[in-house]
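The analysis underlying the following values was restricted to heavy atoms, covering all of them including side chains, and did not include hydrogens, waters or symmetry mates.
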Amino acid sequence: MGQLQQWLDEDWVRIGSDGSILGSCGSKKEAEGKPKCLPRKKAEGMSKEARAKLVARKRKKDPNPNRKGKPIMVSNKLSGGGPVVKQTIRGQGIVMSNRLR
């Protein structure tokens, strides 16, 4: 079975702004904002807060729920750490803080 067929066979669900799983992807209620869809396994493996962050990021990039045209894709990966901090060490230039010895 190819990767495309595996992708099509996954059970895709819609995520609400509070992080709850609302139902199957492709259907939305009138008062709902722009839907964020994920495979059910991935959605259930994430915390409710993480799912809510994904929806907020999606709606920030594409705020108009009735916009027509090509969908705007937003990554499903949440950053694990804080921002990259650059420090200057005399004689070494700029290095990332996690590269310091």
Side-chain angles (χ1 to χ4, degrees):
M1 185 183 303
Q3 287 181 329
L4 178 60
Q5 190 60 46
Q6 287 175 342
W7 181 80
L8 289 171
D9 290 340
E10 289 178 332
D11 182 21
W12 288 76
V13 293
R14 201 169 74 252
I15 309 298
S17 61
D18 62 348
S20 60
I21 297 173
L22 299 175
S24 64
C25 192
S27 61
K28 87 174 183 153
K29 297 192 169 97
E30 189 66 32
E32 229 178 282
K34 182 67 76 171
K36 175 69 178 169
C37 295
L38 290 172
R40 182 177 295 277
K41 279 184 174 182
K42 185 168 191 159
E44 289 175 348
M46 299 172 78
S47 69
K48 194 171 184 178
E49 292 79 24
R51 291 190 304 250
K53 278 185 180 181
L54 288 178
V55 173
R57 190 168 46 196
K58 165 89 175 190
R59 291 182 182 177
K60 183 178 179 183
K61 278 204 163 194
D62 193 6
N64 181 3
N66 299 318
R67 184 184 62 79
K68 301 291 184 200
K70 188 176 178 182
I72 295 175
M73 300 299 192
V74 179
S75 174
N76 293 332
K77 296 178 182 173
L78 294 172
S79 59
V84 174
V85 179
K86 294 181 180 177
Q87 295 181 347
T88 302
I89 298 176
R90 190 173 13 174
Q92 295 182 2
I94 296 177
V95 294
M96 288 189 246
S97 61
N98 61 349
R99 301 284 185 214
L100 297 175
R101 294 181 205 182

Enquirer: Please enumerate all residues that pass side chain to side chain donor-acceptor pair (under 3.5 Å) together with Asp11, with sequence neighbours excluded.
Expert: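 With neighbours one apart ignored, the set is Arg40.
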Enquirer: According to ring pair (Phe, Tyr, Trp, His ring centres under 6.0 Å), does anything in residues 28-76 pair up with another residue at least two apart or in another chain? List the pairs.
Expert: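 For residues 28-76, and leaving out neighbouring residues, there are no ring pair (Phe, Tyr, Trp, His ring centres under 6.0 Å) pairs at all.
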Enquirer: By the ring pair (Phe, Tyr, Trp, His ring centres under 6.0 Å) test, which pairs, at least two apart or in different chains, include something from residues 16-65?
Expert: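 Pairs touching residues 16-65 that pass the test: none.
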Enquirer: Could you go through Leu54 and Met46, starting from their C-alpha distance and side-chain angles, then the distance that decides it, and tell me whether this counts as side chain to side chain contact (heavy atoms under 4.5 Å, CB included)?
Expert: CA-CA 10 Å; Leu54 288 178; Met46 299 172 78; 3.2 Å; yes
Enquirer: What pairs with Asp18 under salt bridge (charged side-chain N to carboxylate O under 4.0 Å, His left out), at least two apart in sequence or on another chain?
Expert: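 Here no residue qualifies.
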Enquirer: Applying ring pair (Phe, Tyr, Trp, His ring centres under 6.0 Å) as the test, list every pair that has at least one member in residues 4-46; sequence neighbours left out.
Expert: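 Ring pair (Phe, Tyr, Trp, His ring centres under 6.0 Å) check on residues 4-46 returns Trp7-Trp12.
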Enquirer: List for me each residue that meets side chain to side chain donor-acceptor pair (under 3.5 Å) alongside Lys36, sequence neighbours excluded, and say none if there are none.
Expert: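 Checked Lys36 against side chain to side chain donor-acceptor pair (under 3.5 Å); matches are Asn76.
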Enquirer: Could you pull out all residues at least two apart from Ala43 that satisfy side chain to side chain contact (heavy atoms under 4.5 Å, CB included)?
Expert: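 Applying side chain to side chain contact (heavy atoms under 4.5 Å, CB included) to Ala43 gives Val13, Ile15, Ile21, Leu38, Arg51.
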Enquirer: Identify, with sequence neighbours excluded, every residue that meets side chain to side chain contact (heavy atoms under 4.5 Å, CB included) alongside Ser17.
Expert: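 For Ser17, the residues satisfying side chain to side chain contact (heavy atoms under 4.5 Å, CB included) (neighbours in sequence not counted) are Val55, Arg59.
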Enquirer: Can you tell me how far OG of Ser75 sits from NZ of Lys61, rounded to the nearest 0.5 angstrom?
Expert: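 Lys61 atom NZ to Ser75 atom OG measures 9.0 Å (nearest 0.5 Å).
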Enquirer: Enumerate the disulfide bond (SG atoms under 2.5 Å apart) contacts for residues 2-35, please, sequence neighbours excluded, ordered by first and then second residue.
Expert: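 Residue pairs passing disulfide bond (SG atoms under 2.5 Å apart), neighbours aside: Cys25-Cys37.
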Enquirer: In sequence, state the C-alpha distance, the side-chain angles, and the governing distance for Arg67 and Ile72, and then conclude on side chain to side chain contact (heavy atoms under 4.5 Å, CB included).
Expert: CA-CA 10 Å; Arg67 184 184 62 79; Ile72 295 175; 3.5 Å; yes
